[in-house]
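The structure appears right after this line, and notes come after that.
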Amino acid sequence: MPRDDVTAETRQSFTKVGTRPLRPDGVDKVTGRARFGADMAAPGMLIGKVLRSPHAHARIRSIDTSKAEALPGVKAVVTRDDFANRTDELRDILVNVMAREKALYEGHAVAAVAAVSAAVARKALRLIEVDYELLPHVIDVEEAMRPDSVLLHDDMFTAGVDPVPDQPSNVAKRCEFGHGEVEKGFAEADIVIERSFRTEASHQGYIEPHACLASVGADGQGELWCCTQGHFMVRDTCAALLGMDVSRLRVIASEIGGGFGGKTTVFIEPVALTLSRKAGRPVKLVMTRDEVFRASGPTASTSVWVRIGVTKDGRITAGEAVLKYQGGAFAGSPVEPGAMTAFACYDLENVRAIGYDVVTNRPKQAAYRAPGAPMAAFAVESVVAELADRIGMDPIEFRLKNASREGTRSAYGPTFGPIGLVETLKAAKAHPHYSAPLGNNQGRGVASGFWFNFGGQTCVSLNINIDGTVGLAVGTPDIGGSRASMCLMAAEELGIEYDRVRVIVADTSSLGFNDVTDGSRVTFASGMATIQAARDAVKKLCARAARMWDIPEDAVVWEGGYAKPAGANAGDFQPLSLRDIAAAAAKTGGPIAGHWEFNAENAGPSFATHIVDAEVDPETGRTSILRYTVVQDAGKAVHPSYVEGQFQGGAAQGIGWALNEEYIYGADGKLQNPGFLDYRMPVASDLPMIDTVIVEVPNPGHPYGVRGVGETSIVPPLAAVANAVSAAAGVRLTSLPMSPPKILAALEAEKGAQAAE
Amino acid sequence: MAGHHVSTTINGDAFEFVCEPDETLLDVLRDRLSLTGSKEGCGTGDCGACSVILDGRLVCSCLVLGAEAEGRTIATIEGMADGDRLHPLQRKFLEHAALQCGICTPGILVAAKALLEKHPDPSETEIRYWLAGNLCRCTGYDKIVRAVLDAAAEIREGRDAA
């Protein structure tokens, strides 16, 4: 009988989990052998290129491809006419992949070619004649919400409003969350602060552009190699858009060079498949960096208003927010999670958050690490810092006094189970960083953050090899070292060495459906499936041992990697190792494998508290980040190095978003900084070391207590940095990014205000 | 377009190839010679993922024309390990978990090797400024900088012992 002590309650002691072995894909990645999206080639391969709209908003009167088709070396040209229209939930994806009646943003795909070389393909693009009727455009979220704004979609009637409006608008949806009586709460407050905040669109900034290699044969069977966070999603979406049976499309996930949410949808993949089908040859399609910026998903830009009331002794009596997020040319900005997470860190009697999902003439937003939450936290945590200052209370003490804990009814509805916010706050307060002295023009900021985490559909297969090694197949692309965590969990369950488990990300024809790698779900959900598949295999290993000993199956137990008789009555047999049982498999019933398929629930939220020290140069307005500490609840850190890596990476992205990164548009509605020189992500010399503290409050929804850690780390930094910069500059900054000109302007305004007094 | 015939040395081996005048060295390495370890992250010299050593100098291979390789000596990530023996930087990157997705790793390793060959004992600040031309979006650079510091120390110890 396999041991079942770990299912009833969270396991406490481990021999493998919590150690830091080398990752299984490591050598390939330090030697250049690892194959990413653009690293694959096929015999007879053509090169695909996409023609994109130069206009922010235009009606496409006609597209003439005849000259391009006549160019020697061109094997296929596709436009909207090559994609069947649809009215279902995939319509927005279809229209984003290839424009139909209108080009909705600068960079929107309008045609594509496949040719024998990149040079011929580029030449062919210049020969395609598109007749555009230019339309006025709208870029700003507040402008797009005005009743007299330019409209993107004639058929967009705001959802979530009763009655449904009789006029179309750019507001796709209104949502509302909360409980209690907000006005009553504000009436009980001694101090109320309300402020408005702005954030600009930032891009996920993965270093690997989108890339794929598609091949569809005359028999209608296709293969697609691509960099994606979810190859099953790619398969299902592409098969639907191309009218193929799902079984006829096999998608192989390449190594993925960063995603952060931006590779959870399709852009070029259906185009490459359509080109390949038309040309009858494999087609490789790789975005340029310019295309990545103009045509793949940044996150939303936002306008957020927040009001919070407190009593003099530091109790929050009410919180209220109105969030407006523009998510580009289609519905689906992350305003809903923004509104849900805004007040999640606080135990509030009276709370309300209202969100508006708005469309503008910008590229369709894609998920970006805790989608929607960092902007909401920026607003709320800025006001929280200001309130703590006003009542003269330490900002961590103030948060502790109001913090969500087990049993708190969350602002978005459910009641929290065991959560670790209080633990992160206490650890932050006790950290030497928090009491270190500060110099002139320096300030310290603190902020907390929350993310739900996700479970989702998951399927894992675990095969016992003849020599007692183990092959593990998961269906969730590894974007940050998750294969190492899978091996650790399988080795822990089976009682074998870490390096005897080899894990692959299986293609879509080799494994059942898996949801996308998102929602910080992989170590939690694929990890739990791995544990359960290992337990399934252990059951079978015990049954084989029973057969070898000729005793009943329930008279065998699995301990420390060995099958043993359950007790003296079971008989006197030498323990059998996994290797012994595997070697005899052919004689005891054939191959031994474990499987697990499920829809994972109870992911267990993760909270974090960040501390940051910033120095502002009053002459130039330049900010330096001097010190940064991340404290976050991981539930149980399976591979602590990669948990720390998630903490550090989220903080770095948040610092970039807070200080430098933004989509800059001209009056013509065109993006002015579609490159890494002008879209300024943090480089090594911009950052200090980023200290980490892993808090472990076990998640009862996972056998080892694991919580996802990938996303929460980007929620606090916008506010933490803003609080530090505001403290250093002596003036509250409410607009991101806090670039030197904005800081100088705020300093000037403050000087003017002081002079007037 | 007339092709250029180019003879060059890559990772110690003689190579000959024909390329078009507008092809970059990165295109040639990746598409003509199947040396796909060098990555294209931007094509404009801003991300460093395509870093190679050209006649002893660290360059972005996306900013060099393939034709310019004539008679030159090029070192890429594929030549960094000595057979199955990893370079200390490669080992230390693995030990320190200095990579997550790994797309920037080849360029950063090539750049870090160029640094240590010039400056065997760099400070943290020197490493950060040297690597400022290599973007990493996953790690926040912390573990990368530690791995380079550790590799530098190991290489120095090895030299002192020898």
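These values consider heavy atoms only, across backbone and side chains, with no hydrogens, waters or symmetry-generated copies. Protein chains get the first letters and strands the later ones, always in sequence-line order, with residue 1 at the start of each. Here the structure is a predicted model, which means the values were calculated and not measured.
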For this session: Name the region of Gln204(A), side chain, backbone, both or neither, that has any atom closer than 4.5 Å to a heavy atom of chain B.
Result: backbone
For this session: Assess whether atom CZ of Arg35(A) is packed by more than 12 heavy atoms of other residues, nucleotides or ligands within 6.0 Å.
Result: no
Exercise. Is chain B contacted by the side chain of Glu255(A), its backbone, both, or neither, given a heavy-atom distance below 4.5 Å?
Worked result: neither
Exercise. Which one of Gly41(B), Gly37(B), Gly140(B) has the most heavy-atom pairs closer than 4.5 Å to chain A?
Worked result: Gly41(B)
Exercise. Is Arg146(B) salt-bridged to Glu644(A), going by a charged N under 4.0 Å from an acidic O?
Worked result: no
Problem set entry | More than 12 heavy atoms from other groups under 6.0 Å of CG on Asp84(B) | no
Exercise. Can you say whether Thr44(B) sits under 4.5 Å from chain A via the side chain, the backbone, both, or neither, judging by heavy atoms?
Worked result: neither
Exercise. Between Glu124(B), Glu95(B), His96(B), Met80(B), which residue shows the highest count of heavy-atom pairs closer than 4.5 Å to chain A?
Worked result: Glu124(B)
Exercise. What are the two closest heavy atoms between Cys138(B) and Phe260(A), and how far apart are they?
Worked result: SG-CZ, 3.6 Å
For this session: Please state whether the side chain, the backbone, both or neither of Val27(A) comes within less than 4.5 Å of a heavy atom of chain B.
Result: both
Exercise. Is the CZ atom of Arg680(A) crowded by more than 12 outside heavy atoms at less than 6.0 Å?
Worked result: yes
Problem set entry | Side chain Tyr141(B), main chain Asp686(A), donor-acceptor under 3.5 Å | no
Seminar exercise, completed: If one checks every heavy atom of Leu135(B) against chain A at 4.5 Å, the contacting part turns out to be both
Problem set entry | Region of Glu40(B) that comes under 4.5 Å of a non-hydrogen atom in chain A | backbone
Problem set entry | Part of Leu86(B) lying under 4.5 Å from any heavy atom of chain A | side chain
Exercise. Closest heavy-atom contact between Phe676(A) and Cys47(B)?
Worked result: CD1-CB, 3.9 Å
For this session: Mind ranking Phe647(A), Tyr642(A), Phe36(A), Tyr628(A) by heavy-atom pairs under 4.5 Å with chain B and telling me who comes out on top?
Result: Phe36(A)
For this session: Check whether Ile479(A) gets within reach of chain B through its side chain, its backbone, both or neither, counting any heavy atom under 4.5 Å.
Result: backbone
Seminar exercise, completed: SG (Cys42(B)) and CG (Leu677(A)) are apart, to the nearest 0.5 Å, by 9.5 Å
Exercise. Between Leu99(B) and Lys29(A), which heavy-atom pair has the shortest distance, and what is it?
Worked result: CD1-CB, 3.6 Å
For this session: Quick one: pull up CD1 in Ile207(A) and OG1 in Thr105(B) and give me the separation to the nearest 0.5 Å.
Result: 10.5 Å
For this session: Pick whichever of Gly258(A), Gly481(A), Gly205(A) has the most heavy-atom pairs under 4.5 Å with chain B.
Result: Gly205(A)
Problem set entry | Side chain, backbone, both or neither of Tyr129(B) within contact of chain A (heavy atoms, under 4.5 Å) | both
Problem set entry | Distance, nearest 0.5 Å, that separates CG of Asp678(A) from CG of Asp46(B) | 8.0 Å
Seminar exercise, completed: Residue from Pro209(A), Ala118(A), Gly675(A) scoring the most non-hydrogen pairs under 4.5 Å with chain B is Pro209(A)
Problem set entry | Ala651(A), part contacting chain B, at a heavy-atom distance under 4.5 Å | neither
Exercise. Considering only heavy atoms, which portion of Pro688(A) lies under 4.5 Å from any heavy atom of chain B: side chain, backbone, both, or neither?
Worked result: backbone
For this session: Might you work through the side-chain contact (heavy atoms from CB on, under 4.5 Å) test for Thr36(B) and Met40(A), ending with a clear yes or no?
Result: CA-CA 9 Å; Thr36(B) 53; Met40(A) 190 57 98; over 6 Å; no
For this session: Verify, without hydrogens or angle tests, whether Arg289(A) (side chain) and Gly43(B) (backbone) share a donor-acceptor contact under 3.5 angstrom.
Result: no
Seminar exercise, completed: Looking only at heavy atoms, the pair that brings Ile690(A) and Asp142(B) closest together is N-OD2, 2.8 Å
Seminar exercise, completed: Nearest heavy-atom contact between Arg137(B) and Tyr206(A) is CG-N, 4.3 Å
Exercise. In terms of heavy-atom pairs under 4.5 Å with chain B, which of Ala652(A), Ser641(A), Gly656(A) leads?
Worked result: Ser641(A)
Exercise. For the candidates Ile77(B), Thr125(B), Ile127(B), Asp27(B), which exhibits the highest count of non-hydrogen atom pairs separated by less than 4.5 Å from chain A?
Worked result: Ile77(B)
Exercise. What option among Asp478(A), Asp290(A), Ile256(A) has the most heavy-atom pairs under 4.5 Å with chain B?
Worked result: Ile256(A)
Problem set entry | Option that, when pairs with chain A are counted at under 4.5 Å, heavy atom only, ranks first among Arg30(B), Gln100(B), Lys39(B) | Gln100(B)
